[in-house]
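Heads up: numbering here begins at 1 and tracks the sequence. Counting convention: from 1, in listed order, for ligands and their atoms alike.
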Amino acid sequence: MRSRWALRVGRAFDGARFRPGGATVVVEGERVVGVEEASFALPGDVPVTDVAGTLLPGLVDCHVHLVGSGSFPGTPGSLEWAGGAAADAVDAVVVASLREQVAAGVTTVRDLGDVAYRALSHRGRHAEGLPRVVAAGPPVTTPQGHCWFLGGAVDVHDPGALDRAVAERVERGVDLVKVMASGGFLTPGSDQLGAQFEAAHLRRLVDRAHAAGLRVVAHSHSVVGAEVALAAGVDGIEHFTCLAPGGAHAPEALLDRVAAADVTVCPTLGNDPSRFPPVSAMPPHILQMLERLGISDRDEHFARVAAGSLRLREHGIRVVSGLDAGAMPAKPHGHLWRSVAELVRGGWPVDEALATATSVAAADCGVEAGRLAAGRLADLLVVDGDVAADVTALSRPSAVWVGGVAVMQ
Ligand SMILES: [Zn+2]
């Protein structure tokens, strides 16, 4: 029999709620085999470690780009760099990104856009103390469309192109398919307010993926892109910024339909404001877009976006947290705590905000983690302080385990 060990802590969040009696978590091999109150008397042969702070399931970041490094200060171009870099240079960035994530207590990442399937090739390395990886490979996009430089562009006028795009990903063994339903800020010339695909084309992609047992998530910054994605039957919408001429606002009817369709939304909230380039260094196409959208004050804009996240909750939409780590310097790997903190700033209860980065996120990624519960993977995180009282305590990890193996302690 493999040996058992236990962690005992006065404060614990179990993936859905805080446990008033704290927790004693018993681990055997890679799994949790029991969760009791902190006062529980364990058999004498089970070694117990008492920890201070708050124990949680390891965090799950539902939207990362492992091929993008946060260490390109002042430039938004880390994904463009990856598109043109040699495989070994890209692999070095992927491993560095994974190390930054796990050191921050993120024990599962969902990669929603790599190049040449490099993120995918780093799946299954959790025995080495790296996070679990769920990956989509290169995102499907249009020629010169959003993130075309990652190599996933398809010409929809070629009748077999979408089928081949799905077949290639199935052959590579992706965990899900990512498609760019609208343009994006990082790709000059793409239309953040428009739709990149017609619904019929996107529907074909979704049907082919579903037939192969793969879920599809769609990037959309625009209302029309979200409408097309919804009509096509996607399983998740990323960003869901809901831009339209005049600004960002999700129409009530759209929110109702997203909830009714059981579509997951990952609003990719959170930025490290100290890593934004000065306005003088912003690319002209981004400045023009901000002006077109009437966004003049960055802080005020993000406060409004955080407040808007409460409408997702009010409409009963399933929300998962993902930072979009690696996409730009203001979104470094390991900063998922910022996504959770933004939900709380927007008015979400702390336990529900934490669930978007633990139990709900793990379920959406198809990973048996995200909960302190018998049978779940022993992906665990201890942070300094009381997360219930101060959600930013999430940014202070003191111990991390992946599959019962201590990564940091
Ligand atoms: Zn992204």
Side-chain angles (χ1 to χ4, degrees), residues 60-70 72 75-83 90 93-94 97-98 100-101 106 108-115 117-120 133-142 145-153 169 174-188 190-192 196 215-222 225-226 229 234-243 264-272 275 286 289 305 319-336 338-339 342 356-357 361 364-365:
V60 178
D61 190 330
C62 287
H63 190 137
V64 309
H65 298 279
L66 295 172
V67 301
S69 164
F72 289 79
T75 70
S78 60
L79 293 180
E80 287 98 319
W81 168 84
V90 172
V93 171
V94 170
S97 301
L98 286 168
E100 287 166 10
Q101 291 282 4
V106 178
T108 296
V109 294
R110 175 158 67 186
D111 190 284
L112 293 185
D114 68 2
V115 57
Y117 301 90
R118 297 320 304 160
L120 194 77
V133 176
V134 173
V140 178
T141 189
T142 51
H146 183 42
C147 285
W148 60 268
F149 37 77
L150 294 177
R169 284 160 180 75
V174 300
D175 299 298
L176 76 166
V177 173
K178 166 84 178 294
V179 63
M180 302 302 200
S182 82
F185 288 91
L186 302 177
T187 310
S190 72
D191 184 2
Q192 296 94 326
Q196 295 204 143
R215 301 174 83 225
V216 179
V217 298
H219 154 113
S220 183
H221 282 306
S222 64
V234 301
D235 303 285
I237 301 180
E238 303 299 309
H239 312 302
F240 198 62
T241 321
C242 290
L243 299 178
T264 303
V265 168
C266 178
T268 60
L269 303 176
N271 294 285
D272 178 349
R275 295 202 191 198
I286 291 185
M289 178 54 65
V305 170
V319 172
V320 293
S321 278
L323 187 74
D324 208 357
M328 61 178 99
K331 289 179 173 290
H333 291 284
H335 286 226
L336 178 65
R338 295 181 185 277
S339 300
E342 284 296 276
T356 70
D364 211 68
C365 291

Does Ala357 offer a backbone N or O that forms a donor-acceptor pair with the side chain of Ser321 under 3.5 Å?
no

Is the side chain of Gln196 donor-acceptor paired with the backbone N or O of Met180 at a distance under 3.5 Å, no angle test?
yes

At a threshold of 2.8 Å, where the distance has to be below it, does the Zn ion (ligand 1) have an N, O or S atom of His63 nearby?
yes

Can you tell me if His65 has an N, O or S atom under 2.8 Å away from the Zn ion (ligand 1)?
yes

When the ring planes of His146 and His219 are compared, do they come out parallel, tilted or perpendicular, using 30° and 60° as the limits?
tilted

Tell me, which N, O or S atom in Asp324 is closest to the Zn ion (ligand 1)?
OD1

Do the side chain of Lys331 and the main chain of Asp324 share a donor and acceptor less than 3.5 angstrom apart?
no

